[in-house]
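Written out below as structure tokens is the structure these notes cover.
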Amino acid sequence: MSPHSLRHSYATHLIEAGVDLLEVQKILGHASILSTIRYTHLTQKTEFNRALQINALMDTFHVSWGKVL
């Protein structure tokens, strides 16, 4: 276990918990978002949660012929 792997795991867990990437950038103290992205990777859990969020959002739209309500 190295400090690098701990930071990487911490960042990934924050993203999976729904913490915004910009907040993770601040927590890790990175000047560039590109540095933060290197420490994070999207897991299947994160992708599944994103799909649930998108589907929940889309379910709030009601479409009738010619207009969106």
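Hydrogens, waters and symmetry mates are skipped; everything else that's a heavy atom, side chains included, is used.
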#### Entry: From CG (Leu28) to CD (Glu23), nearest 0.5 Å
11.0 Å
### Query
Rounded to the nearest 0.5 Å, how far apart are CG of Leu21 and CD1 of Ile15?
4.5 Å
### Query
Taking atom CZ of Arg7 and atom OG1 of Thr36, what is their separation to the nearest 0.5 Å?
8.5 Å
## Note on the structure
Value for CD1 (Ile27) from CG (Leu14), rounded to nearest 0.5 Å, stands at 5.0 Å
### Query
Checking His30 side chain against Gln25 main chain: does a donor-acceptor pair fall under 3.5 Å?
no
### Query
Between the main-chain N or O of Leu6 and the side-chain N or O of Ser9, is there a donor-acceptor pair closer than 3.5 Å?
no
### Query
Between Val24 and Tyr10, is any pair of side-chain heavy atoms under 4.5 Å apart?
no
### Task
Drop me the distance from Thr60's OG1 to Asn55's CG, to the nearest 0.5 angstrom.
11.0 Å
